[in-house]
Amino acid sequence: MRNKALLPVFLAAVIAAGSALYYTGPAAEDAYTAAAADDGNDDWLHAKGSRLFDKNGNEVWLTGANWFGMNCTENFPHGLWSADVDKLLSQVADRGINIIRFPISTELLLSWMNGSPYKCEGLNPKNEDAYKFNPDFCHEDGSEMNSMEVFDVIMQKCKKYGIKALVDVHSPASHNSGHNYELWYYEPTSKTADDMATVKEKGANQGDRISWQDWIDSLTWLAKKYANDDTIIAYDLKNEPHGKRGYDGTTCPTDIARWDDTELKNNWKYSAEQCANSILKVNPNALILVEGVEQFPKIEEGYTYDTPDIWNAPADKSPWYGAWWGGNLRGVRKYPVKPDSGTSQIVYSPHDYGPSVYAQTWFDKDFTTESLLDDYWYDTWAYINVEDIAPLLIGEWGGHMDAGKNQKWMELLRDFMIEHHINHTFWCLNPNSGDTGGLLDATFSTWDEKKYGLFEEALWQTTDGTYIGLDHKTPLGTNGMSLEQFYASGKNSNLDGGEGGYIKDDPKMPEDPPVAEVTTTAPQPVTTTTYKTTANDTPSGATLWGDADLNGIVDVSDAVLIARYVAEDDTAVITKQGKANAAVSGKGTIVLDDAAKILKFVAKLITKEELAPN
């Protein structure tokens, strides 16, 4: 970039204007003010573009790990049969993990909601004079707490150590292999529904089918229970919706997850919207995480979910785009999830794994970041971040340290997430995940330092290595920082690879922003446009005035891209069609007047007709 002097002033104006124009979710300003006095209710987050912000408009980064067990028949996070909960959570915090994703089953949530919480199987806490083990899981009389009470204690301990929580509905039934079930409710045509989508607990309503409404009601119940406690800041509506179309018939099977504009229960996009609406009515501040599906049809070629697959078809002949379970978010481009209250709380959450889990075709070559983007990441999920559509949180990533392809993939994905402000939760703390292993050994007390060392680089931390939590008051562990401490310190962090600058979701930048170690040139724009230079290279011939980045909408990101292009930023790529769209001032070439005119349109100072060149 050569014309540096031109860009800072204009970008500052763009960011200031864009902050006032982008936020489309519930206003909630009065609610935030009222809740500020309650330290359990001031850490809620919201989305703008591809980033997450706190109530003060400061950018945050969720960097955590998974801890499973409440989705299984034991009904509590695994490892607490041998590990002390305080020691384990204090280690998690001290090692910089600022959020834990807790998988759970709808069946367990229903037991809580219906007033008959399941007991924990194999927890065995003790609070006796002669022997104490996890005594906080015992009542005053020494009896063991039920699963809901244990969960509530764990949430309080997360709060104590500055850790936030994310609840993930991993399966309908409490089942140690429940993640293999395709849907989020009982579907009679599924061959595994009777095993994986019915109540399993003996003494409960064993055999009862877990319905679509049960799934929504139980999650909504939990969200309401914790609506005034910001320990749980997010809800992942369902783990890995999946299923393949198959080769027979002329209609889509009802036992696979689809993504389109239908109002069918197995349409994951529709179901996610309905569940989000229900949750946001009782807690408008919660983040809603929406995973992808497994297959998406090549709609650009006229295929739909009714189109049968072709046996052994190569990728270029198949009617379908494949992906990891829960990883396919291609449908977001045409069919985004839009709750009634707006999209300010929506975060898309794909899962991504390496060749040790399955030898996908994109691992056949000597893969690089660019080849992974071209062959899979970009069109499957990365475009959502690239095109500033919504934040991403990679809900599961991880695997074995093989000193080979799998480790290489982990390092490439880790670095990509660091460079591009992508939130994530590593799979997993647990050592008892067969195809990935974990960060802990079988005792749940000793860490795999080599694997943790790979993962640790992607934890939110200052440039001098201090971990940053998501609580405004409570520091993350004994050596970490709270959000207030971090933003008061003036330190920079590794967000955006250490080049994120001072990003604010506020129409007015602070009069005296932190200066120590913080870039003093231009605040970095909220939009990045350089992940995949091969996207949209061919002009479509259809002009959408102002749409320089060809994402189908006209917004602040187009003005930012034009400003960077005019300033001769070599990374600001505008295609031929994009240049045609951008030339709204009628001067025959792209100039700053084009960006200024687009901002007037975004601010609704001119109409769509007036945006077009005279």
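What you see below is based on every heavy atom in this structure, not just the backbone, and it leaves out hydrogens, waters and symmetry mates.
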ask   = Is there a donor-acceptor contact under 3.5 Å from the side chain of Tyr305 to the main chain of Trp259?
value = yes
key: Those residues that, when tested against His78, pass ring pair (Phe, Tyr, Trp, His ring centres under 6.0 Å) (two or more places apart)   = Phe68, Trp81
query = What heavy-atom pair brings Pro241 and Lys238 nearest, and what distance separates the two atoms?
reply = CD-O, 3.6 Å
query = Salt bridge or not for Lys244 and Asp309, using N-O below 4.0 Å?
reply = no
key: Backbone N/O of Gly477 and side chain of Asp94: donor-acceptor pair under 3.5 Å   = no
Considering all heavy atoms, the nearest Cys252-Ile256 contact = SG-CD1, 3.8 Å
query = Just checking, Arg330 and Phe296: is the charged tip under 6.0 Å from the six-membered ring centre and within 45° of the axis?
reply = no
query = Do Asp86 and Lys160 meet the salt-bridge criterion of a basic N to acidic O distance under 4.0 Å?
reply = yes
ask   = side chain to side chain donor-acceptor pair (under 3.5 Å) between Asn176 and Thr73: does it pass, once the steps are laid out?
value = CA-CA 6 Å; Asn176 291 50; Thr73 53; 3.1 Å; yes
ask   = Under the ring-ring contact (aromatic ring centres under 6.0 Å, His included) criterion, do Tyr247 and Trp311 qualify, and how do the steps go?
value = CA-CA 7 Å; Tyr247 306 101; Trp311 180 256; 5.2 Å; yes
query = Within the distance-only criterion (no hydrogens, no angle test), does the side chain of Thr192 pair as donor or acceptor with the backbone N or O of Asp195 below 3.5 angstrom?
reply = no
key: Salt bridge present between Asp230 and Lys164 (N-O < 4.0 angstrom)   = yes
request  = Show your working on side chain to side chain contact (heavy atoms under 4.5 Å, CB included) between Tyr118 and Phe76 and close with a plain yes or no.
outcome  = CA-CA 10 Å; Tyr118 290 174; Phe76 64 89; over 6 Å; no
note = From the list Tyr348, Trp212, Trp184, ring-ring contact (aromatic ring centres under 6.0 Å, His included) partner of Trp268 resolves to Trp184
key: Contact summary for Gly96 and Leu459, nearest pair of heavy atoms   = O-CD2, 3.7 Å
Main-chain N/O of Ser482 paired with Asp471 side-chain donor or acceptor, under 3.5 Å = no
Parallel, tilted or perpendicular: rings of His179 and Trp325 (30°, 60°) = tilted
Donor-acceptor contact below 3.5 Å, side chain Glu411 vs main chain Asn406 = no
Stacked cation flag Lys491 on Phe486, 6.0 angstrom / 45 deg = no
inquiry  = Looking at Trp447, I'd like to know if the NZ or CZ of Arg95 sits under 6.0 Å from its six-membered ring centre while staying within 45 degrees of the ring's axis.
reply    = yes
request  = Test Phe426 against every option in Lys451, Glu456, Glu396 by the side-chain contact (heavy atoms from CB on, under 4.5 Å) rule and name the one that passes.
outcome  = Lys451
task = Give me the one residue out of Trp409, Tyr376, Tyr358 that meets side-chain contact (heavy atoms from CB on, under 4.5 Å) with Phe363.
result = Trp409
message = So that I can tick it off, tell me whether Lys159 and Asp43 are bridged by a salt bridge, with the cut-off set at under 4.0 angstrom between side-chain N and carboxylate O.
response = no
task = State whether Glu107 and Lys200 are salt-bridged, where the test is any N-O pair (Lys NZ or Arg NE/NH1/NH2 against Asp/Glu carboxylate O) under 4.0 Å.
result = no
query = Do the numbers put Lys405 on top of the ring of Phe367, so that NZ or CZ is under 6.0 Å from the six-membered ring centre and no more than 45° off the axis?
reply = no
message = Please find the pair of heavy atoms, one from Cys158 and one from Phe102, that lie closest to each other, and give the distance.
response = SG-CZ, 4.2 Å
